[in-house]
Amino acid sequence: MALLFKSGSTRTQWWLEEFKTQAPDLEVRVWPEVGNTAEIDFALVWLPEPGELKRYPNLKAIFSLGAGVDHLFRDPDLPKLPVTRVVDVNLTRRMTEYVVLQVLRHHRQSPAYEEQQRRSQWQELKQPAADQRTVGIMGLGVLGADSGEKLVNLGFNVIGWSRTKKQVAKIKSYAGTAELDAFLGQSEILVCLLPLTRDTEDILNARTFAKLPRGASLVNVARGAHVVESDLIAALDSEQLSHATLDVFRKEPLPPESPFWLHPKVTVTPHCASYTDPRTVISQVVENMRRARAGEPLLHTVDITLGY
Ligand SMILES: NC(=O)c1ccc[n+]([C@@H]2O[C@H](COP(=O)([O-])OP(=O)(O)OC[C@H]3O[C@@H](n4cnc5c(N)ncnc54)[C@H](OP(=O)(O)O)[C@@H]3O)[C@@H](O)[C@H]2O)c1
């Protein structure tokens, strides 16, 4: 019995050290050196090659190495097994730090002040108070709700949009397609924290941008495929949007020829808003392996029909 491990980053060594400390008896096979595939009964993976996971005849469950699972469901041959994702306080906190940092940056007009500095221009800009600023969070799940709560604590007017209605203190909840325009119409800073599914792909498009208040800004920390890139550039160039902070892209690493790199109204970060911390996540993996073997329900399963 062994765990297949594939990490999408340079952190493999860090994970292996943590496995040794926290689960010394667990046999971990690091892709692509997997040995006999029949000996592998669980997979903890990020971005597996399509068709890879069907090669393991005794797999009991698939654990996503991240909070998102779109990297698994892009595989048409994904085995029909329980799929879990990471829900972890450190991942949530890191994401909230990033969202709060970027919302404050937009709210306090940092891109405009940075531009003024480049021109040696000393000019104070009119600054609305936090309660005069509405932050709209698309996706009021684990990450969106935590970011929203922290922004409420800073005094912002926070609203959220999700598939079903939510009860989060002091955050007005909008749900479904019928309430999308009402939500967008107020969102001066729009934060995308949706999962990538058939329903949400391309959702940040020309129509969506046109519904936002003029001069709104965007923070996309979800997935690159939520954004229609040419529509975003057009919305920035026409000043419908004043700035976009993008952490995720259709193609990662972002190719050198991407217009986002040099666009004066775009901030690019290399998909670093948050990440899965082996210090706290390995115990979840070990617990889920125990549960699967005991026939008990797994922690943090995703709904395969909804895709998140
Ligand atoms: N950039 C990074 O470093 C990074 C790191 C971690 C995660 N992420 C991204 O963040 C995403 C969100 O993570 P999470 O843990 O917060 O997910 P989650 O708990 O599953 O929350 C997803 C939210 O999106 C809503 N939603 C889903 N489909 C929708 C639709 N068609 N229309 C409206 N709302 C919809 C859900 O509505 P209901 O509540 O009604 O179900 C829920 O509120 C992940 O999927 C991942 O792509 C990025």
Side-chain angles (χ1 to χ4, degrees), residues 7-9 11 46-47 63-74 83-102 136-150 158-168 171-184 187 190-205 208 218-227 244-250 252-254 267-277 280-281 284 299-308:
S7 154
S9 68
R11 297 187 206 114
W46 182 254
L47 265 176
F63 308 141
S64 168
L65 196 63
V69 288
D70 48 291
H71 66 106
L72 298 173
F73 291 135
R74 71 185 183 139
V83 173
T84 70
R85 70 190 191 99
V86 172
V87 176
D88 171 59
V89 66
N90 285 322
L91 187 149
T92 303
R93 282 185 189 143
R94 284 187 171 102
M95 178 57 81
T96 295
E97 287 166 9
Y98 185 98
V99 170
V100 169
L101 174 72
Q102 299 303 335
I137 302 185
M138 297 181 100
L140 212 50
V142 173
L143 303 180
D146 191 72
S147 295
E149 284 167 13
K150 303 297 187 304
V158 182
I159 59 176
W161 183 70
S162 44
R163 201 175 47 79
T164 56
K165 280 268 185 207
K166 300 280 134 196
Q167 298 281 343
V168 185
I171 298 183
K172 184 161 188 217
S173 160
Y174 293 81
T177 317
E179 294 183 3
L180 179 59
D181 288 359
F183 162 82
L184 292 173
S187 298
L190 183 70
V191 178
C192 181
L193 267 167
L194 289 167
L196 180 63
T197 67
R198 246 176 285 121
D199 293 336
T200 65
E201 185 167 358
D202 293 336
I203 195 163
L204 299 174
N205 56 36
T208 303
L218 170 70
V219 179
N220 185 25
V221 267
R223 287 290 180 261
H226 286 127
V227 179
T245 295
L246 308 173
D247 183 55
V248 285
F249 301 89
R250 279 181 189 266
E252 294 179 3
L254 185 64
T267 300
V268 168
T269 55
H271 198 149
C272 61
S274 190
Y275 67 86
T276 303
D277 190 335
T280 41
V281 170
Q284 269 181 38
L299 301 171
H300 313 310
T301 48
V302 302
D303 183 328
I304 289 169
T305 52
L306 290 173
Y308 72 98

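We count ligands from 1, going down the list as the structure has it; atoms in each ligand are counted the same way.
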Using a plain distance cutoff, I'd like to know if [X] has any nitrogen or oxygen under 3.5 Å from a nitrogen or oxygen of ligand 1.
X	result
Val248	no
Gly139	no
Gly141	yes

Nearest non-hydrogen protein atom, [atom]:
atom	value
atom 27 (C) of ligand 1	Tyr308 CZ, 3.3 Å
atom 37 (O) of ligand 1	Arg163 N, 3.2 Å
atom 26 (N) of ligand 1	Leu194 CD2, 3.7 Å
atom 5 (C) of ligand 1	Met95 CE, 3.5 Å
atom 7 (C) of ligand 1	Leu143 CD1, 3.5 Å
atom 18 (P) of ligand 1	Arg85 NH2, 3.5 Å
atom 32 (N) of ligand 1	Trp161 CH2, 3.4 Å
atom 24 (O) of ligand 1	Pro195 CD, 3.2 Å

Looking only at heavy atoms of Asp247, does any of them come nearer than 4.0 Å to an atom of ligand 1?
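The answer is yes: ligand 1 sits under 4.0 Å from a heavy atom of Asp247.
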Mind telling me whether His271 and Trp46 have parallel, tilted or perpendicular rings, with 30° and 60° as the class edges?
perpendicular
Does a donor on one side chain and an acceptor on the other come within less than 3.5 Å for Thr280 and Asp88?
yes
Under 4.0 Å, heavy atoms only, figure out whether ligand 1 is touched by the backbone of Thr200, its side chain, both or neither.
side chain
Thr200 vs Tyr308, side chain to side chain donor-acceptor pair (under 3.5 Å): CA-CA, chis, key distance, verdict
CA-CA 11 Å; Thr200 65; Tyr308 72 98; over 6 Å; no
